[in-house]
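My questions all concern the structure below.
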Amino acid sequence: MFLVPGFIERFLHRMASPPHFYAITERLMPWLWGIFSLLLLSGLYSGLFLAPPDYQQGESYRIIFIHVPSAWMSLFIYSVMAMAGAIALVWRIKLAEVVAISSAPVGAGFTFIALVTGSLWGKPMWGTWWVWDARLTSELILLFLYLGVIGLYNAIDDKRSASRAVAILALVGVVNIPIIHYSVEWWSTLHQGPTVTKLDKPSIHVSMLIPLLIMAVAFKFYYLIAMLQRAKTEVLVREQNAQWVKSMTEQELAS
Amino acid sequence: MSLLQAFLAIVRRDLVLAFRRRSEIANPLLFFILIITLFPLGVGAQPKLLQAIAPGIIWVSALLAAMLSLDGLFRSDFDDGSLELLLLSPYPTSVLVLGKITAHWLVTGLPLLLIAPLLALLLGISERALGTLLLTLLLGTPVLSLIGAIGVALTVGLRRGGMLMSLLVLPLYVPVLIFASSAVDMATAGLPVSAQINIMVSILLLALVLTPWPAATALKMSIN
Amino acid sequence: MNWQAFFAMGGYAFYVWTAYGITFLVLALNVVIPMVQRRQFLRHLAMKQKRQRL
Amino acid sequence: MKTGALCFSGTNLSCIRDDRVLFEQLNFTLQQGQALLLEGKNGSGKTSLLRILCGFRLPDSGSLSWCGADINGSEFYEHMAYVGHLDGFKKELTVLENLKVVKALNQPGRFSIEQSLEKLQLAGYDDVLVQALSAGQKRRLSIVRLLMTASALWILDEPFTSLDRQGIALTETLMTEHCANGGMIILTSHHDLNLSGVDLQRINLS
C-alpha cells in the first residue's frame, strides 16, 4: 500500500471492512445508476439515430454498439476478477474475494451477449449463424472459463475456500487466455484464410466511434452496478453472524 | 540434495503403487485405443477421410484419456490421508506435487508414445508423420498432466468433482490440441513443422515452471 | 427519419432488435437476480432471528 | 531439540463452520515440555482447531505463531508432526516402504526406523503390507512416524483410538518421555490421560 495517496489508502481501508463497504455501496448506487442511464441513453441515441448507415453493411452494423463493448467487457472483467483473486490470495482480504466471485456472472453475461450478438450479426453478413472465426471461438472458450469459475464456486460448500479456489482458477485462466487466443487465431488463419475480416475495417468513422466509446464506458458503469449488487448479497451471506447484519435485519423486521 | 531425495521418493512410491494396482496403467491406455477404434465406425472407413482427421482424432482421444486418468492423481492420497502428510512436509509442496505429476506422466502419458505406431496403423497415418506424432505426444502429454493437476487439485475434495474437473481443464487444453494436431497434419502433407514444435516446447517449459505452484495452493485449499 | 424506417433497420430489424433485446434482457437479469436473492436472504435471516428469540 | 526455547502460541483464534461459531477468542501458549489437552463434546470444534493448528484450515480470525513468527514463514513444519483420523499409509505398500517415504519427506528424528518399530513392538513387520495390519497396529505405525521424524511438536487427534490397553500405556509412556525431552504435545482424547510429571494445560471447547 505504499506509493498510494493517503486519502485513497484511507478509502480502501474503510472499504475493506464489510459494514462500511455495504454502507458506501448503498450510498454510491444512485449515482452509479444515474451516470449509467445517462451514458446508455446518449450512447443508444447516437448509435441508433445519429450514426449514419454503413456503406457496406447498411443498418445491420448497429449491432456493433453492443457487440464490441461486450467483447471488451468480457476480457476486462476476467482480468479484474484475476486481479481481485490475486489480492485475495496474497493479502487475504475478504472483500477482494467477494469482488472476484461477484464479477464472474457479470463477465459470463457479457461473454454470452458478445457471442449471441456476434451470431446475430454474422447471419446477415456471412449467411450463417456460426463460423469458426478466431474471435468467436476464443469468446466461446472464454465463456467456458467463466462457467468453470462459477461452477467451481458453487460446488465448494465452504465459501472462504471456494473463494481461494476461484482465485487460483482465475489466475491460471488469465495466464492462459493470451496463449489460447493466440493459438485459436493461428488455427483459424491456417484453416480458412483471413477472408472473414470484413468486420474490422482498418478505420472506423468518427460518428460510429463516438457511440461505440460511450457504450463501452456505459458498460463499465453497468459492471460496477451489477458486481456491487452481487457483492452486497455475498457480504450479507458471509457476515450473517456479525452484529451489524443482525441489527440491520432487526430494522427490517421493525419496518 | 534431500529435496531431490524427497522428490524421487514420491516418484518411486507412485510408480510402485501404479504397478501394484496395474489397472491404473492399463485403463487409460485401453480407453485411448477404444475411442480411436470407434471413430472409423462413426465416420466411415474411407482411408482418405480417416487420414485427414487422424491427427484430430488422436489428440482428442489423448485429451480424454488424460482426463480419465487424472481423477486418480490425488484421489487415493486424499482418501487415505497421505495428502495431509505431503502438505505437512517441510519441503516445498510444489516440488512434491511435481513429483506426483512426473509419476503420473510416466504411468499414463508415456504408454501413449509406445502405442503410437499402432495408432498410425489403425488410422493410416503416413510413416513420415509418425515421427512428428511421437514428438508431439512427447511434448504435449506432460502439459496435459501438468495443467490437469491444477484441475484435480481444485476438485479433489468434492464428491462429484470429475465432471467439474473436465469443465475446468478442457478449455485450457486448447493450445496443445491446436498445435499438436496441426503439426501432425503438416507432417502428413510433407510441410515443415518446426514452428509448432518450437511453440510446444515453450508451452511445456512454461507449464513446468508455472503449474506446480497453483496446484500446491489448490491442494492446500482442498484439504481443509 | 421516420419511426417506421427506424424500426425496420433497413431490412435487418430482426437481427438488430433481437440482439438489443437479448442484450438488455441479460443485463437486466444480472442486476435483478442478486437483488431478489438479497431480499430473500434478508427475509430468511429475519425469520431465523425471530425463531431464536422465541 | 534442546537448543533454544521453542514456543507455539495462538492468539484470538476463532472458527465459524456453516454459520455456527465453534469457538471465539481462543488463546494458548505452549512451551517446551508442556502438553495441551483439548476437551469438549462431539462437534465442539476439537478437530477443526487441530486442523487450524496444522495450517490445513485458516482461522476465521486470529493468528498462530511459532517462536514469535507466523507459522507460514517459520520453520514450523520442520518441527511438527500430526496424527489424524486418517493414517496416511498406502495400503498396497509394505510397512518399510511406507516408512521410507516418511523418512524422505521429513527431517530425521531421534530414532531410526528399526528402533522406532521396536519401541512400538512392531519389529519384524517390515515387509508386511499395511492392508494386512489390524486397526490398532496401524495406529501404532502412526506413532512410529512421530518417533522417526524430527518433531518437537506432536499434534494428535484421538491418538488412543483402536489401541488396546497395553498400546495405550505404551503411547502414554512415549508421550511422557517426549515431554521430558523438551517436546510439546497438543492432543484431543476421550480417554483419561495418565501423563505423570507432565505440565498439562486444558482447554475446554463448549
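The structure presented is a predicted model; accordingly, all values stated were derived computationally and were not measured. Residue numbers start from 1 in every chain, and the chains themselves are labelled A, B, ... in the order their sequence lines are given, proteins ahead of strands.
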_Using a 6.0 Å cut-off, check whether atom CZ of F24(C) has over 12 heavy atoms from anything other than its own residue._
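Counting neighbours around CZ of F24(C), more than 12 heavy atoms of other residues, nucleotides or ligands fall under 6.0 Å, so yes.
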*Mind ranking L29(C), V31(C), I33(C), T23(C) by heavy-atom pairs under 4.5 Å with chain A and telling me who comes out on top?*
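Option with the top pair count is T23(C).
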_Side chain, backbone, both or neither of F41(C) within contact of chain A (heavy atoms, under 4.5 Å)_ =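 F41(C) touches chain A through side-chain heavy atoms alone.
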*asked:* Using heavy-atom distances under 4.5 Å, tell me whether F110(A) contacts chain C through its side chain, its backbone, both, or neither.
replied: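 Answer is side chain: those atoms of F110(A) sit under 4.5 Å from chain C.
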*Knowing that exactly one of L25(C), I22(C), L27(C) qualifies, which makes a side chain to side chain contact (heavy atoms under 4.5 Å, CB included) with I113(A)?*
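Of the listed residues L25(C), I22(C), L27(C), the side chain to side chain contact (heavy atoms under 4.5 Å, CB included) partner of I113(A) is L27(C).
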*asked:* Rounded at 0.5 Å granularity, tell me how far CG in N30(C) sits from CD in Q229(A).
replied: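 Interatomic distance, N30(C) CG to Q229(A) CD, rounded to 0.5 Å: 10.5 Å.
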*Relative to each other, are the rings of F14(C) and W129(A) parallel, tilted or perpendicular (30° and 60° limits)?*
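Rings of F14(C) and W129(A): perpendicular, as their planes differ by over 60°.
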_Winner by heavy-atom pair count (cut-off under 4.5 Å) against chain C, out of V245(A), L44(A), V237(A)_ =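 Heavy-atom pair counts peak at V237(A).
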*Non-hydrogen side-chain atoms of I63(A) and Y12(C) separated by less than 4.5 Å*: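 They are not in contact (no side-chain heavy atoms under 4.5 Å apart), so the answer is no.
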*Between V116(A), L236(A), I66(A), L40(A), which residue shows the highest count of heavy-atom pairs closer than 4.5 Å to chain C?*
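Most heavy-atom pairs under 4.5 Å with chain C: I66(A).
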*Pick whichever of R43(C), M35(C), H44(C), Q37(C) has the most heavy-atom pairs under 4.5 Å with chain A.*
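Heavy-atom pair counts peak at M35(C).
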_Neighbour count >12 (heavy atoms, 6.0 Å) for atom CZ, F112(A)_ =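 No - once you tally the heavy atoms of other residues, nucleotides and ligands closer than 6.0 Å, there are 12 at most.
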*With a 4.5 Å limit on heavy-atom distance, are the side chains of M248(A) and L45(C) in contact?*
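Counting from C-beta outward, M248(A) and L45(C) never come under 4.5 Å.
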*Please report the closest heavy-atom contact between Q49(C) and K246(A), naming both atoms and the distance.*
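Smallest interatomic distance, heavy atoms only, reads NE2-CA, 3.4 Å.
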